[in-house]
Amino acid sequence: MQKIRIMALGGLDEDGKNMYLVEIDGDIFVVDAGLKYPSENEQLGIEYIIPDFSYLIENEKRVKGIFISHGHDDVMGAVSYLVSQINCDIYATAFTAKLIEEDLAAHKIKNKKINIVKRKDTIRIGNNTIHTFPVMQSIADGVGFAFETESGMIVYTSEFLFDYDFLNEAFSMDINAFSEMGKNRVLCLMNESRGSTREGYTSPKHRITDQIEHYFELSDKRIIITLYKQNLFRIMEVLELAGKYGKKVYFEDENHLKLLNSIDELGYYKLPKEVIIPQKAFNNDMKDVVVIISGSGNKVFKLMNNIVLGENEKINLFADDIVIIASPVVPGTEKDATTMENDLYKAGISIIKLKAKEVLSMHASKEDLKMMLYLTRPKYYLPIKGEYSDLVNNADLAVEMGYTPDKIILLDNGQFAQFENGRLSSTSSFIELEDKAIDASDKNDVSGMVLKDRETLSTDGAIVCGIVLDFSTKRVIGGPDIQSRGVIYLKDADHILNEIGNILVSTIAENAQSGSFDNMHVRMEARDRIQRFVLKETGKKPMILPAIVEINSGD
């Protein structure tokens, strides 16, 4: 019988960074490779966080494919980082593949093969068979994956909701596919958890049309609306309303318009180009227009805030503008969203903020999750995607549906669920994982030491101690010069700075007299002595940066 293992490299007990592995007789299939945005206390110059790929790098020869379910950052944002370290084919639908190609190009990564699959398709890799099936999401061309095994299918639903009224083929869901999988045996269902605390179905509360239509209908004022760039469903709603009420639309981000042109070219959506204002034709004094402010993560809030502060070259706000905040706050964006909102109020701008309870994110709620369980009838249930409380609430839903605890699997990132002979045999194996933080300035991985240094700088400040020595005699010929930033604020603290200089000089003298002077050793010793002194005097542990420069003085 086959040996089957399932593990997450990200996505469990967290919001974002989704990455899952399905192993069938040693063959590894990667399902999604996403990023997450750091929380406020994790910022420190970090733009986003990606999974630890060490296990895949060590087992590269066993990796048979990377399967990306859709084009959101939380499931595909780390693909470029992954394929820069392992050589493996990528499998994605046409629109998702286009987004991946653009991301690879932005990272200057070439010669990576992307296999385009249909929303309902069958893929054969070696002795393995994988099926794709359509799911409805906020972005076009979303799919889930089903991996065939001798004991039944491993089904990954990605993100979904049941909406029986939206018939666009790029967004629609094939309910029959789930029923057929249920008839053909599902060994394990991997079901998302982010909406597991919400009562009822997500539909129709995922739509914003009813919440904002009267502003389009009754007002001839300019409407400025914030939207997440990758939520194409809601952008389409805004475009439909603009067309219905004869309003023109301007996209602040020209690249966002290119994204919509892509789904138009693929035949997924007929972009109403007659309502679009070209970039060069836009004038800030235009009336009765809709301005779309879009971005990913906290970027949309920062961009809107720049506009409020008058720092945008194209758009300035007027007192009678209506600003609709249609981009709900997600983890990692709270601070920027609050700053934006406060500055809008200070500017006296009319704000309409869509409430999270009235407009739901496009994730499965309780009844959606229960419906998926009912249709697929899995032997085992594995909640994924969400904070730990979300996973537990999702597990409780399975209990309500008659599943016993031994059929429900709750894992941590790095923990394996192992199946043998059609039964869960173990969850005791695990690997250690360390998140990779990507620096905002150069997009490089940032080590824990760098983050610790940044945290120290942000809380306790830094003291720079500079001195110049004669290379031969170690005599002081310049300094010491002591600079404090964020440590000492008192006007009468000169004695502290003077004593820091004395500590540096005495440390140098002691080492020179002993005949064992080593520049690096002296700097480390001085740093430790200064740090103890500053802690005693101020209660702080700043970063201490001694600089000892040795030159030939010519004496």
Side-chain angles (χ1 to χ4, degrees), residues 37-38 40 43 45-48 73 102 106 208 212 215-216 219-232 234-239 241-242 245 247-262 271-273 275-330 332-354 440-443:
Y37 297 99
E40 289 180 29
Q43 293 286 342
I46 300 305
E47 186 165 2
Y48 41 77
D73 289 339
E102 292 175 358
I208 64 172
I212 65 175
Y215 299 106
F216 283 71
S219 176
D220 59 356
K221 299 177 182 178
R222 187 169 68 166
I223 297 173
I224 298 176
I225 184 166
T226 69
L227 292 162
Y228 285 121
K229 184 176 181 178
Q230 296 174 334
N231 194 327
L232 298 184
R234 287 186 178 161
I235 291 163
M236 289 163 59
E237 286 187 87
V238 172
L239 288 173
L241 283 173
Y245 293 102
K247 296 180 181 294
K248 296 290 186 179
V249 178
Y250 173 69
F251 285 85
E252 193 279 339
D253 183 356
E254 187 175 7
N255 290 325
H256 197 177
L257 191 54
K258 292 178 181 178
L259 195 67
L260 291 166
N261 278 315
S262 294
L271 182 65
K273 296 181 179 179
V275 307
I276 306 297
I277 301 174
Q279 289 284 315
K280 294 182 179 179
F282 176 75
N283 186 307
N284 193 67
D285 293 325
M286 288 179 170
K287 304 294 183 181
D288 200 22
V289 299
V290 179
V291 178
I292 294 179
I293 309 299
S294 58
S296 300
N298 58 358
K299 292 179 182 178
V300 64
F301 300 116
K302 288 183 177 180
L303 178 57
M304 187 67 231
N305 202 50
N306 287 342
I307 293 172
V308 180
L309 299 175
E311 298 175 358
N312 188 284
E313 295 181 357
K314 306 173 186 175
I315 304 168
N316 289 305
L317 293 182
F318 298 119
D320 61 349
D321 284 340
I322 296 175
V323 175
I324 301 176
I325 309 300
S327 46
V329 175
V330 296
T333 67
E334 298 92 344
K335 183 177 180 180
D336 291 307
T338 300
T339 299
M340 172 204 70
E341 191 173 337
N342 284 335
D343 285 341
L344 280 167
Y345 281 122
K346 289 176 184 177
I349 304 298
S350 176
I351 305 173
I352 291 87
K353 185 178 178 182
L354 300 189
S441 59
D442 55 15
K443 300 296 191 295

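What you are looking at is a predicted structure, and each value in this text was computed from that prediction instead of being measured. Quick note: numbers below take in every heavy atom, side chains included, and nothing from hydrogens, waters or symmetry partners.
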(message) Can you list everything that forms a ring pair (Phe, Tyr, Trp, His ring centres under 6.0 Å) with Tyr215? Sequence neighbours excluded, please.
(response)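 Expected list: none.
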(message) I want to check a possible cation-pi pair here: Lys299 against Tyr37, using under 6.0 Å from ring centre and within 45° of the ring axis as the test.
(response)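 Geometry flag: not set, cation outside 6.0 Å or 45°.
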Checking [X] now: which residues fulfil side-chain hydrogen bond (donor to acceptor under 3.5 Å, both in side chains) with it, not counting sequence neighbours?
| X | answer |
| --- | --- |
| Asp253 | none |
| Tyr245 | Glu213 |
| Asp343 | Asn305 |
| Lys314 | Gln279 |

(request) Check the pair Asn255, Lys229 against side-chain contact (heavy atoms from CB on, under 4.5 Å), reporting the backbone distance first and the verdict last. (result) CA-CA 10 Å; Asn255 290 325; Lys229 184 176 181 178; 3.9 Å; yes
(request) If the plane angle is over 60° it's perpendicular, under 30° parallel, otherwise tilted; pick one for Tyr228 and Phe301. (result)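 The arrangement is perpendicular - the two ring planes meet at more than 60°.
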(request) Specify the closest pair of heavy atoms between His256 and Ser294, including all atoms of both residues, with the distance to one decimal. (result)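 Looking at all heavy atoms of both residues, the closest pair is ND1-OG, 2.6 Å.
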(message) Using every non-hydrogen atom in the two residues, find where Ile315 and Asn284 come nearest and quote the distance to one decimal.
(response)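 For Ile315 and Asn284, the tightest heavy-atom pair comes out as CA-OD1, 3.3 Å.
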Partners of [X] by side chain to side chain contact (heavy atoms under 4.5 Å, CB included), sequence neighbours excluded?
| X | answer |
| --- | --- |
| Pro272 | Leu239, Tyr269, Glu274, Val275 |
| Lys248 | Ile277, Val289 |
| Ile349 | Leu317, Val323, Leu344, Ala347 |
| Glu311 | Asn306, Leu309 |

Quick check for you: to the nearest 0.5 Å, what is the distance between [X] atom [atom1] and [Y] atom [atom2]?
| X | Y | atom1 | atom2 | result |
| --- | --- | --- | --- | --- |
| Leu303 | Asp336 | CG | CG | 11.5 Å |
| Leu241 | Ile223 | CG | CD1 | 9.0 Å |
| Ile292 | Thr226 | CD1 | OG1 | 10.5 Å |
| Leu260 | Lys273 | CG | NZ | 10.5 Å |

Going by the rule salt bridge (Lys or Arg N to Asp or Glu O under 4.0 Å), which residues pair with [X] if we only count those two or more places apart in sequence or in a different chain?
| X | answer |
| --- | --- |
| Asp288 | Lys247 |
| Arg222 | Asp321 |
| Glu341 | Lys353 |

(request) Report yes if the side chains of Met340 and Val300 come closer than 4.5 Å at any heavy-atom pair, otherwise no. (result)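 Contact flag for Met340/Val300 side chains = no.
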(request) Please tell me if the side chains of Phe251 and Leu259 come closer than 4.5 Å, counting only heavy atoms from C-beta onward. (result)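 Contact flag for Phe251/Leu259 side chains = no.
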(message) Among Val291, Ile212, Val249, Leu354, exactly one meets side chain to side chain contact (heavy atoms under 4.5 Å, CB included) together with Ile225. Which residue is that?
(response)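 Considering Val291, Ile212, Val249, Leu354, a side chain to side chain contact (heavy atoms under 4.5 Å, CB included) with Ile225 is found only for Ile212.
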(request) Walk me through it: do Ile224 and Met304 pass the test side-chain contact (heavy atoms from CB on, under 4.5 Å)? (result) CA-CA 9 Å; Ile224 298 176; Met304 187 67 231; 4.1 Å; yes
